[in-house]
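Accompanying notes for the structure given below.
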Amino acid sequence: MLEFDDKTRANMMTALDLGCKHLSGNFNTAENRTRIGDAVVDAARTGKRTLAQFIDVALHEVVAIRGPKPSPVQAVIGWLGHCIKRA
């Protein structure tokens, strides 16, 4: 990472930390943390420099890893399915 200035590296690390905090359970793996880090480095290599840009990249990777959140209707259907299985 010596190819980037101190401020850019600090922004990259902050975005990486934030992205990794959104990984939980089975998603919190070294492979997924590396995937987020690689995406942030690639973004820096394409000219992105701001914290907001890096956070956007990191969170985009988190969504790609975890999948999008279900809509409220999908959440209710999933909850009902879970309740029916338990009955």
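Just so it is clear, the values below take in all heavy atoms, side chains as well, and ignore hydrogens, waters and symmetry mates. All residue numbers in this chain count up from 1 along the given sequence. Only a predicted model underlies this, so the values are computations on that prediction, with no experimental measurement involved.
Here the closest heavy-atom approach between residue N11 and residue R49 is recorded as ND2-O, 3.0 Å. Listed here is the closest heavy atom pair of N32 and F27: ND2-O, 2.8 Å. Of all non-hydrogen atoms in R33 and L16, the two that sit nearest each other are O-CD1, 3.8 Å. The nearest pair of heavy atoms linking I36 to A58 is CG2-CB, 3.9 Å. Taking every heavy atom of both residues into account, V62 and G19 meet most closely at CG2-O, 3.3 Å. What you find for F54 and K48 is that their closest heavy atoms are CZ-O, 3.2 Å.
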*Evaluate the side-chain contact (heavy atoms from CB on, under 4.5 Å) criterion for residues D42 and R45: first the C-alpha distance (whole Å), next the side-chain angles of each, then the deciding distance (0.1 Å), finally the verdict.*
CA-CA 5 Å; D42 289 344; R45 287 184 176 142; 4.2 Å; yes
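Contacts classified as side-chain hydrogen bond (donor to acceptor under 3.5 Å, both in side chains) and involving residues 55-67 (residues at least two apart or in different chains) are given here: R35-E61.
To the nearest 0.5 angstrom, E31 atom CD is 11.5 Å from L23 atom CG.
The hydrophobic cluster around L18 extends to L51, I55, L59, counting ILVMFWY residues whose side-chain heavy atoms fall within less than 4.5 Å of a member.
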